[in-house]
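Working notes, beginning with the structure itself.
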Amino acid sequence: MTPVHFAFSSAFLLGLTGLAFHRTHLLSALLCLEGMMLSLFIALSLWTLQLDSTNFSASPMLLLAFSACEASAGLALLVATARTHGSDRLQSLNLLQC
């Protein structure tokens, strides 16, 4: 495993462990998801450059577009949660009540 692959694998795993263990605030969960998507985007871009193939050249941009949509939906959810519940703490949310 090259140092570049190790760096992006560890960045993805760091975001995954942050998402798994530090779920006190919705904002921290969203930031961990964004870190994971960014590491996937860079790894997919480097993989496309290493293959020298034009077949996969659109896939990093597609992943980036999905990541932007995910970020906007997450921020809208964060704003709606902060307006209705007063904070973004995940322990104060009850999904059974609307």
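Here the structure is a predicted model, which means the values were calculated and not measured. Throughout, residue positions are numbered sequentially from 1 according to the sequence presented.
The minimum heavy-atom distance linking Ser59 with Thr48 is given by the pair OG-OG1, 4.3 Å.
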Under 3.5 Å, sequence neighbours excluded: what are the donor-acceptor pairs made by side chains of residues 2-9?
unit_1: Thr2; atom_1: OG1; unit_2: His5; atom_2: N; d: 3.3
unit_1: Thr2; atom_1: OG1; unit_2: His5; atom_2: ND1; d: 2.5
unit_1: Ser9; atom_1: OG; unit_2: His5; atom_2: O; d: 2.8

Would you mind writing out the side-chain donor-acceptor pairs for residues 25-43 within the sub-3.5 Å range, not counting sequence neighbours?
unit_1: His25; atom_1: ND1; unit_2: Asp88; atom_2: OD1; d: 2.9
unit_1: Ser28; atom_1: OG; unit_2: His22; atom_2: O; d: 3.3
unit_1: Ser28; atom_1: OG; unit_2: His25; atom_2: O; d: 2.8
unit_1: Ser39; atom_1: OG; unit_2: Gly35; atom_2: O; d: 3.4
unit_1: Ser39; atom_1: OG; unit_2: Met36; atom_2: O; d: 2.9

Which donor-acceptor pairs under 3.5 Å do the side chains of residues 60-70 make with protein atoms, sequence neighbours left out?
none

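Partners of Thr17 according to the side chain to side chain contact (heavy atoms under 4.5 Å, CB included) rule, which considers only residues two or more places apart in sequence or in another chain, are Leu14, Phe21. With sequence neighbours excluded, the residues forming a side chain to side chain contact (heavy atoms under 4.5 Å, CB included) with Leu51 are Trp47, Ser53, Phe56, listed by chain and number.
Partner of Thr81 under the side-chain contact (heavy atoms from CB on, under 4.5 Å) criterion, out of Leu78, Val79, Leu77: Leu77 alone.
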